[in-house]
2 protein chains.
Amino acid sequence: MSTEPPRLVEAGAQEQEDRFADIRAVLAGLTPRERMLVVAERLFADEGLAAVSVRGITAAAQVNLASLHYHFGSKEGLLEAIFEARAKPIADERMRRLAECAEAPGRPPLLEQLLFAFLHPALTLGLEPRFGGPAFARLRARLGSESEKVSRRILSKAFDESSKAFMAAMQAALPDLPRGEFAWRFHFLLGTMVYTMADSGRIQSLTGNACDPADGRAALDHLIPFLAAGFRAPSIVGSGAAP
Amino acid sequence: MSTEPPRLVEAGAQEQEDRFADIRAVLAGLTPRERMLVVAERLFADEGLAAVSVRGITAAAQVNLASLHYHFGSKEGLLEAIFEARAKPIADERMRRLAECAEAPGRPPLLEQLLFAFLHPALTLGLEPRFGGPAFARLRARLGSESEKVSRRILSKAFDESSKAFMAAMQAALPDLPRGEFAWRFHFLLGTMVYTMADSGRIQSLTGNACDPADGRAALDHLIPFLAAGFRAPSIVGSGAAP
DNA sequence: GACGTATTCAAACGTATGTTTACCGTAAAC
DNA sequence: GTTTACGGTAAACATACGTTTGAATACGTC
């Protein structure tokens, strides 16, 4: 935000206390293209899209500046490539688990089963620490409040299909809930999920680390009963108790 | 993200289809300092902190470039001034309503009353359309995923006191809920609130405008029963039903 | 070994950035 | 009537930005 202190050397060229020391060994075994993907994912998640420069990315990935445009065409192309690599597996896994729910004997599937199938991939997949932990989750959360056009298109492309499939299944599991009410509650579901993935540090600051949103498993354990109860709350527009 | 087409004139100097046409008349009656506050709030909310330049702000506010640094010292100083002007009223109103809840005859205050007192100021205050609608709400939501140091400090300063007060009161209204479980659920509450304030357009894209998060009153009506049910869900760690 | 494609590289291009400087105009205070 | 303080202005400063260029290198194929 404020003017950076004048760089002594070419921008981003020096080591700057290597932020990727923890995965330097992993990075060394990757191709330049893959290195850029991994590094940019984490930098975007930590600093925001606009705050990260292509020079910063290429320096951290230890590749030449022009390599980024050679492989991805532009900074935005790099972002799309990250989503291609990370979001698709999550969406695919969601669809796979939804199919499993539908095939299970006791139909229609329980609300809790659907919530788990929807949330588990997002909150735990791609969290392998060898790739720098929950970087993609934070990036996805951040994209929800970025520069509109770009991010909205990318999120739609990545998640619309699986989200809509789950909305239909959950609606079927809640036959008494009016459509409008259900839309609001699904919106709230997305809010808890995205806010957890963002791990803004706010709840830690308020409670002194009483809970840690980065712990995807714990988050799920607490989130599912909370959401299930919310979804099953009586509707505020003519409830099922109408005469 | 991609390189903007080359500007014909000095950056931001031309009209560019005046994005503030709706409040131009209001702006004209304000001092340069106030104009910058109002304009920057909306631009920050729409584009993100890093994506908005001081030239863009000063051009839109129709003040000289150097005026921004004269009044606020820096771009970051301007952001803090916006929070000073907008967040304090919200936090103050929260505390006022909390005191009202505590004084009411039927104590302890109902969970729903506390939720309303906490959420209503955030979701409806500062939405006066004369200042360009829910700009501050979107800005606050966006700040939750911005460049860490800056935003975290600003959010803490603005909201820690009132949030902690409400946590204590809500905990008292839920005597059977373990502290750790409550922390998670308060975190989820923040998620639904922030995501609603962000109004990312995601739910509209998924449902075809079945609900509109920018409608603070409707959001509250749906949010409070949802959250109350979630908070009252049985605890997953030893519930009250223990022998 | 020579050819052709794929990748890497150093350097530059043009422009945008946050911030500072030094100079004007105004209007109340003495 | 000069001083003082405040707000506004144009121009410049230094550097960061995304992107492009054209030559150099690697590499598998014939």
Side-chain angles (χ1 to χ4, degrees), chain A residues 1-14 16 27-37 39-40 43-44 47-82 146-147 149-150, chain B residues 1-14 16 27-37 39-40 43-44 47-82 146-147 149-150:
Chain A
M1 180 125 294
S2 57
T3 296
E4 302 292 314
R7 312 269 190 170
L8 305 179
V9 207
E10 163 78 355
Q14 74 277 39
Q16 62 155 3
L27 289 177
L30 301 179
T31 70
R33 197 190 126 95
E34 293 167 327
R35 267 189 312 224
M36 281 190 275
L37 283 172
V39 161
L43 288 176
F44 281 153
E47 322 270 359
L49 299 186
V52 175
S53 67
V54 311
R55 282 173 174 81
I57 296 168
T58 52
Q62 295 181 335
V63 303
N64 186 272
L65 175 57
S67 276
L68 191 148
H69 294 91
Y70 175 78
H71 285 288
F72 305 106
S74 69
K75 190 180 173 183
E76 188 177 322
L78 169 58
L79 178 66
E80 300 199 49
I82 292 174
E146 283 279 352
S147 61
K149 311 169 287 282
V150 192
Chain B
M1 184 127 289
S2 58
T3 297
E4 301 292 314
R7 310 269 190 168
L8 304 179
V9 207
E10 162 78 353
Q14 76 278 36
Q16 61 156 0
L27 289 176
L30 301 180
T31 70
R33 197 191 124 95
E34 293 168 326
R35 272 197 308 249
M36 282 189 275
L37 283 173
V39 162
L43 288 177
F44 282 153
E47 323 270 358
L49 300 186
V52 175
S53 68
V54 308
R55 282 175 174 79
I57 297 168
T58 53
Q62 297 181 334
V63 304
N64 186 271
L65 176 57
S67 275
L68 192 147
H69 294 91
Y70 176 78
H71 285 287
F72 305 107
S74 69
K75 191 179 173 184
E76 188 177 322
L78 169 58
L79 177 66
E80 301 199 48
I82 293 174
E146 283 279 351
S147 60
K149 312 170 285 280
V150 193

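Computed from a prediction, not measured in an experiment: that's the story for all the values here. Here is the naming used below: chain letters follow the sequence lines, and residue numbers restart at 1 for every chain.
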Take B:Tyr70 and B:Arg33 through the side chain to side chain contact (heavy atoms under 4.5 Å, CB included) test and state the conclusion after the steps. CA-CA 10 Å; B:Tyr70 176 78; B:Arg33 197 191 124 95; over 6 Å; no
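- Considering only side-chain N and O atoms, B:Asn64 lies nowhere under 4.0 angstrom from the phosphate OP1 or OP2 of D:dG7.
- The distance from atom NE2 of B:His71 to atom P of C:dG18 is 18 Å, rounded to the nearest whole Å.
- Counting only distance, with no hydrogens or angles, the side chain of B:Glu47 and the backbone of B:Phe44 share no donor-acceptor pair below 3.5 Å.
- Of the residues near DNA chain D, A:Ala66 and A:Val52, the one whose nearest nucleotide (by heavy atom distance) lies more toward the 5' end is A:Val52.
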Could you check B:Ile57 against B:Leu78 for side chain to side chain contact (heavy atoms under 4.5 Å, CB included), going step by step and ending with a plain yes or no? CA-CA 10 Å; B:Ile57 297 168; B:Leu78 169 58; 3.9 Å; yes
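- Taking atom NE2 on B:His69 and atom P on D:dG7, their separation rounds to 17 Å, with Å as the unit.
- Distance, A:Arg55 CZ to D:dA16 P: 9 Å, rounded to whole Å.
- Computed from coordinates, the B:Leu65 CG to C:dT21 C1' distance equals 12 Å when rounded to whole Å.
- Spacing between atom CZ of B:Arg35 and atom C1' of D:dG7 amounts to 12 Å, rounded to whole angstrom units.
- Every side chain to side chain contact (heavy atoms under 4.5 Å, CB included) that A:His69 has, sequence neighbours left out, goes to A:Val54.
- The nucleotide whose nearest atom lies closest to any side-chain atom of A:Lys75 is, among C:dT21, D:dG7, D:dG18, D:dG18.
- Under 4.0 angstrom from either OP1 or OP2 of C:dA16 there lies no side-chain N or O belonging to B:Ser53.
- Counting to the nearest Å, the P atom of C:dG18 and the CG atom of B:Leu68 are 9 Å from each other.
- Atom pair A:Leu79:CG and D:dG18:C1' shows a separation of 15 Å (rounding to whole Å applied).
- When the nucleotides D:dG18, D:dT20, C:dT7 are ranked by their closest atom to the side chain of A:Tyr70, C:dT7 comes out on top.
- In this structure, A:Gln62 atom CD and C:dT7 atom P are separated by 20 Å, rounded to whole Å.
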